[in-house]
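Chain letters run A, B, ... following the sequence lines, proteins first, then strands; residues in each count from 1.
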Amino acid sequence: MAVLPDQVIYMDNNATTRIAPEVVDAMMPYLTQFYGNPSSMYTFGGQVGQALNKARQEIADLLGAEPGEIVFTSCGTESDSTAILSALQTNPGKNHLVTTKVEHPAVKNLCDNLESFTGRKHHVTRLPVAADGTLDLQRFKESLTDDTAIVSVMWANNETGVLFPVEEMAEIARECGILFHTDAVQAVGKIPIKLRETAIDFLSLSGHKLHAPKGVGVLYVRKGTPYIPFMNGGHQEHGRRGGTENVASIVGLGRACALAAEKMAEENTRVRALRDKLERGLLGTIPKSLLNGHPSQRLPNTANISFEYVEGEAILLHMNQHNICASSGSACTSGSLEPSHVLRAMGVPFTAAHGSIRFSLSIYNTEQEVDFVLATLPGIIAKLRTLSPFWEDK
Amino acid sequence: MWEYTDKVQDHFINPRNVGEIENADGVGNVGSIACGDALRLTIRVDENQVITDAKFKTFGCASAIASSSMLTEMLKGMKLEDAKKLTNDDIAKALGGLPKEKMHCSVMGREALEAAIADYTGAILPMAQGEVVCECFGVTDLEIIRAIRENALTSVEDITHFTKAGGGCGKCEGKLRALLAETVEGAAGEPTGAPKKKRMTTLEKIKRIEEVIEREIKPTLKKDGGDIQLVDVDGDFVTVSLRGACANCYSSRTTLKEYVERKLREQVLESLIVEEDK
Ligand SMILES: Cc1ncc(COP(=O)(O)O)c(C=O)c1O
């Protein structure tokens with residue numbers, strides 16, 4: 001039986017978000033009436049092209065960038081691949097990449113595969129993180145060499161919400177003449193970004209993380225940055241990305257970016273306060289629970305908490321009984337047998353890594369929902385601990 | 001999201017026979033917290049060799065909890081002779097099936113049962129005698145060969161689903177492929193070559209054991225709030241004392257065998273046996 005949105009407490013916004021009703025409204029005409037091809041010569045198509053340009057402007061405004069620097073893609077993953085592969089192709093003599101140990105699979109697996117499958121031509125430095133998930137800038141500086149083609153470092157971590165100082169890192173890379181890409185899929189819409197004032201060359205974002213639909217993304221390419229397309233085809237996006245545009249979704253993404261700009265303050269006040277209440281409440285009432293990630297250098301919506309000696313999938317399925325939606329870094333939930341690479345890189349012990357739960361809020365969450373989770377979770381953890389051979393309540 | 005049967009859901013949400021039998025006749029501990037699941041099974045056996053009671057404690061996902069719960073239900077009233085014949089497939093079937101990726105949970109149930117029976121009869125567990133093939137999860141060749149035979153496995157991926165072997169770093173994939181080829185063709189069911197012994201003086205041995213403990217084992221245990229001290233080395237027997245979180249942890253035996261012993265075997269001598277100082 002289907003579970004309807006009104007029945008759930010949705011705290012998994014880093015996985016995906018609800019499409020804002022305003023976004024749906026903006027999209028509808030392009031799913032019904034205005035089906036013309038934006039590249040066509042007649043007004044019936046051309047007006048669709050204008051809608052794309054409006055969206056391009058709205059997105060550029062949220063990022064503090066120029067409309068001409070926005071390239072539409074099919075998702076965050078495509079944007080990541082495009083940026084990294086372009087940098088390698090425009091720097092044919094350079095074979096070194098610098099990234100971190102905690103990237104999303106969109107960057108991590110691309111780097112792993114480049115290292116393994118391109119005749120071992122490429123080599124990758126994966127910067128370690130401290131116990132609180134933060135990076136060491138000194139180590140970053142030392143990792144850059146004459147052979148480095150690109151640095152790819154995420155702005156905000158999807159599992160812990162920890163923020164990296166990408167603006168500072170981009171400056172350092174630029175001084176060395178190295179291209180800088182940031183996967184900002186989790187950061188866009190949650191924290192203020194002004195690309196114009198940074199040295200960032202490429203930035204990836206994804207629609208479905210900020211209340212736009214799934215299957216639309218953007219790659220920001222700084223004006224003047226050498227670039228070779230990933231998707232070759234027609235002249236769309238000025239030849240930077242072939243394929244007829246996903247018009248309705250792009251229009252939706254534009255609207256979502258305009259909304260995000262309006263709601264940025266709320267995200268950083270009301271949503272942050274809800275997150276803090278949830279976090280403090282859980283850490284305060286559940287023994288042997290700990291926060292994963294830096295307490296302040298973090299997105300306002302994310303709380304990643306480990307409940308020691310219990311396993312994440314079991315927690316999530318009990319939460320599901322109460323229609324509470326969240327994620328876990330445990331091995332069992334991923335279908336792999338190892339817990340989250342992010343938590344392992346932070347040195348979170350196995351006792352805690354398997355029992356980690358990520359709560360990620362949005363502007364649609366309410367205080368009642370937080371109160372309900374605070375009332376429900378302690379019982380779930382206590383029940384599972386009576387089952388656990390590692391738990392002794394003394 | 002996993003597709004769990006109603007039976008799995010039921011045994012997960014309302015697990016039966018949770019806890020521990022005091023002064024149990026047989027205790028079986030398998031798995032470890034590092035591996036992501038662990039099961040402690042206790043059984044009571046009467047003078048007619050019938051299992052009259054069974055209880056469990058499990059750390060793990062829904063299917064691990066459901067498998068343990070179902071196992072204890074099946075065991076109660078069962079003759080020891082029949083319990084010895086129980087397979088992982090029997091547990092999975094009783095639950096109405098498990099997702100393929102979760103079959104290792106039923107395997108864990110069966111292994112805990114074997115360990116509990118061995119503890120009761122005083123026999124030595126045959127499966128632990130094999131050679132460790134997957135170092136991430138401490139799976140031996142004997143366990144893998146048995147899983148291939150009993151469940152008619154046909155791929156390395158299957159082996160991982162059933163035994164976890166190969167699910168970590170993936171370095172043992174070649175060995176798994178070889179075991180699969182050997183076992184399926186029925187050519188060689190015996191373990192591939194006994195562990196080799198290297199020549200080493202006692203002094204050298206002690207020094208290297210100390211080194212590995214200081215450099216690798218201690219820091220890892222400390223992360224989980226534990227500590228370790230080398231007490232004695234006598235021939236192949238290494239005596240250590242565990243302290244802190246490790247000492248009173250139920251998993252101390254698992255820590256000892258699966259982690260400490262494995263590390264020392266890998267890095268010092270394959271024939272070492274680690275014991276706890278009591
Ligand atoms: C940090 C990060 N990068 C990339 C992605 C991938 O985005 P998409 O699903 O649009 O490909 C995600 C989404 O999970 C993410 O969190």
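One distance of note links OG of A:S388 with CD1 of B:I65; it measures 9.0 Å at 0.5 Å rounding. Note that the NE2 atom of A:H318 and the CZ atom of B:F12 stand 3.5 Å from one another [nearest 0.5 Å]. For the atom pair OG of B:S63 and CG of A:L317, the computed distance is 9.0 Å after rounding to the nearest 0.5 Å.
Between chain B and the options A:L384, A:N320, A:T386, A:T351, the largest number of non-hydrogen pairs under 4.5 Å is found for A:T351.
For NZ of A:K214, the number of neighbouring non-hydrogen atoms (other residues, nucleotides, ligands) closer than 6.0 Å is greater than 12. More than 12 non-hydrogen atoms from other residues, nucleotides or ligands lie less than 6.0 angstrom from NZ of A:K383. Within 6.0 Å of CD on A:Q7 lie more than 12 heavy atoms contributed by other residues, nucleotides or ligands. Counted within 6.0 Å of CD on B:E157, heavy atoms from surrounding residues, nucleotides or ligands total 12 or fewer; the atom is thus considered open. By the 6.0 Å contact criterion, CG on B:N23 is open, its count of non-hydrogen atoms from other residues, nucleotides or ligands being 12 or less. When the shell of 6.0 Å around CZ of A:R139 is examined, it contains 12 or fewer heavy atoms from other residues, nucleotides or ligands.
When heavy atoms are compared at a cutoff of 4.5 Å, B:T160 approaches chain A by way of both its backbone and its side chain. Within the 4.5 angstrom heavy-atom criterion, only side-chain atoms of A:Q321, from C-beta onward, approach chain B.
Between B:A38 and A:P389, the shortest heavy-atom distance links the atoms O-CG, 4.1 Å. When all heavy atoms of B:G60 and A:A314 are compared, the closest pair comes out as O-CB, 3.6 Å. Of all non-hydrogen atoms in A:F350 and B:I33, the two that sit nearest each other are CB-O, 4.0 Å.
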Q: Starting from the C-alpha separation in whole Å, work towards a yes-or-no answer on side chain to side chain contact (heavy atoms under 4.5 Å, CB included) for A:L387 and B:V18.
A: CA-CA 6 Å; A:L387 285 179; B:V18 174; 3.1 Å; yes
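In terms of modelled atom types and a separation under 3.5 Å, the side chain of A:E313 and the main chain of B:A62 share a donor-acceptor contact. At distances below 3.5 Å, not a single donor-acceptor pair connects side-chain atoms of B:K57 with backbone N or O atoms of A:F390.
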